2 protein chains.
Amino acid sequence: MAVVQQEPGTEERILAAARRVFIRKGMAGARMQEVADEAGINKALLHYYFRDKQRLFEGVFKGGAEKQFGCIWNSFNDSTELFDAIERFVAAYIDRMLEEPLLPLFIAQEMSRDPEGLRAFVDRGQASRQRFIRLVEEALAAGAIIDIDPRDLLVNMMALCAHPFVARPMLTHIHGMNDEAFRRMMLKRRKSVPEFIIRSIRA
Amino acid sequence: MAVVQQEPGTEERILAAARRVFIRKGMAGARMQEVADEAGINKALLHYYFRDKQRLFEGVFKGGAEKQFGCIWNSFNDSTELFDAIERFVAAYIDRMLEEPLLPLFIAQEMSRDPEGLRAFVDRGQASRQRFIRLVEEALAAGAIIDIDPRDLLVNMMALCAHPFVARPMLTHIHGMNDEAFRRMMLKRRKSVPEFIIRSIRA
DNA sequence: ATCTGTTTTAACCAATTGGTTAATATTGCG
DNA sequence: CGCAATATTAACCAATTGGTTAAAACAGAT
């Protein structure tokens, strides 16, 4: 049975446009008229399909954690050894965020504005964080790494991955980078960050 | 001549209140009525003293980089050796940000919204970053560290210092921390982050 | 006490915002 | 084709927002 490629319907077009505007401006800064303009529709349609701004936001982001972040957290499932896990995590994180460089700052902003709003994004990683902690404990037991709290290590990994995206305008200003140069820098970090981490923790 | 402690005038009260609201909500999210409420004044006074929202924002933040960040960047001036510089920088950064934990996220947001707006915050550190680069080069020449780009090292240091503040709501949720526990975590990192970095780069 | 300049207030304004309404257009089915 | 349900539109609404205005209050000097 052949699957026929379909023109996106109005609802899909709204969700995609809303996503772009919300990520760029945040929930509070996004304007419904702006979303309508971005989707090429009359503003009243936003209310017809999604009733109000909050439901539109939820329509875009609720239940989306798997799609947004699954590939990153799933990277731990593919490893049976800590150093490999670190390499895979960093690579997966940077690859994913290079698709949407504004996402880390958006999530930080929205978590600050409404901590309950994006809980799914955070809770999605719970099982994977546990798996990571076990990998660290195994490496400790094997004497492969120094004594370090797995949670501290995970904070450091997240910091080294996420911060350049959050501080992107500052970094591009300081170093006179355009978007392509930023991308190249992150691709370099895809290798150098795991090296930096592993050098630090190796016994 | 004795200096008499003075009651803050209306202008000072406005600036302090505006600062709190801007840092909490960002420039776009802050409401003039909210600033007036926070300062305990009539909203029209904001316009009497500062004419409009943009000038109020500039009144709070322009020219303030030295006071906000001087202590952090000045930490490089007190060191003649790289490892000491790293320790002093991390300590100064964390101490300063523990006074205003919302500041890193605010700066990231505002740099994203209006990159020209807070240039002074970024440019303030230029001479100090040069000094840091020289310290790295001296350590390289002395064979004390591995071959690493000073700018990469500085990004990593900033990441490990700033990210927990930016991701504070996420971290407090994941680890079930209150504000006091977050503070204790950062005080631990005040020592563990320099150790992590130095272990990674030491030759 | 009077005068002048400054500060403060309450009321007001125009524009913007998220949302509503009623009419119109479209779609799919029998 | 007619009908009913759905989708779309333009106009409208009430509330909020940053800002304005004129009057009143205050402060200091003479």
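What you see is a predicted model, and the numbers here were worked out from it, not measured in a lab. The sequence lines fix the lettering, A, B, ..., with proteins before strands; numbering per chain opens at 1. In what follows, every heavy atom counts, from backbone to side chain, and hydrogens, waters and symmetry copies are set aside.
- Protein atom CD of A:E11 is 15 Å distant from nucleotide atom C1' of D:dT8, rounded to whole Å.
- In the interface, the side chain of A:K53 is not paired with the base of C:dG19 through any donor and acceptor atom under 3.5 Å apart.
- Here A:R134 does not pair with A:E137 in a salt bridge; the nearest charged N to carboxylate O distance is not below 4.0 Å.
- Mapped onto DNA chain D by nearest heavy atom, A:Y48 and A:K43 fall at different nucleotides, with A:Y48 at the one closer to the 5' end.
- Nearer to the 5' terminus of DNA chain C, by closest-nucleotide assignment, is the contact made by A:R31 (compared with the other of A:R31 and A:N42).
- Counting any heavy atom pair closer than 4.0 Å across all strands shown, A:A28 reaches no nucleic acid atom.
- Toward the 5′ end of DNA chain C lies the nearest nucleotide of B:A44, the other residue of the pair A:R51 and B:A44 mapping further downstream.
- Here C:dG19 is the nucleotide among C:dG19, D:dT20, D:dT8 with the atom lying nearest to any side-chain atom of A:D52.
- In this structure, CD on B:Q126 lies 15.0 Å from CZ on B:R131, to the nearest 0.5 angstrom.
- Using a cut-off of 4.0 Å between Lys/Arg side-chain N and Asp/Glu carboxylate O, A:R168 and A:D179 are scored as salt-bridged.
- Remark: B:T10 is in phosphate contact with C:dT8, judged by side-chain N or O atoms under 4.0 Å from OP1 or OP2.
- Under the ring-ring contact (aromatic ring centres under 6.0 Å, His included) test applied with B:F106, the options B:F22, B:F165, B:F61 reduce to a single match, B:F61.
- Counting any heavy atom pair closer than 4.0 Å across all strands shown, B:A30 reaches sugar-phosphate atoms only and no base atom.
- Across all strands shown, B:Y49 has heavy atoms under 4.0 Å from sugar-phosphate atoms exclusively, and none from any base.
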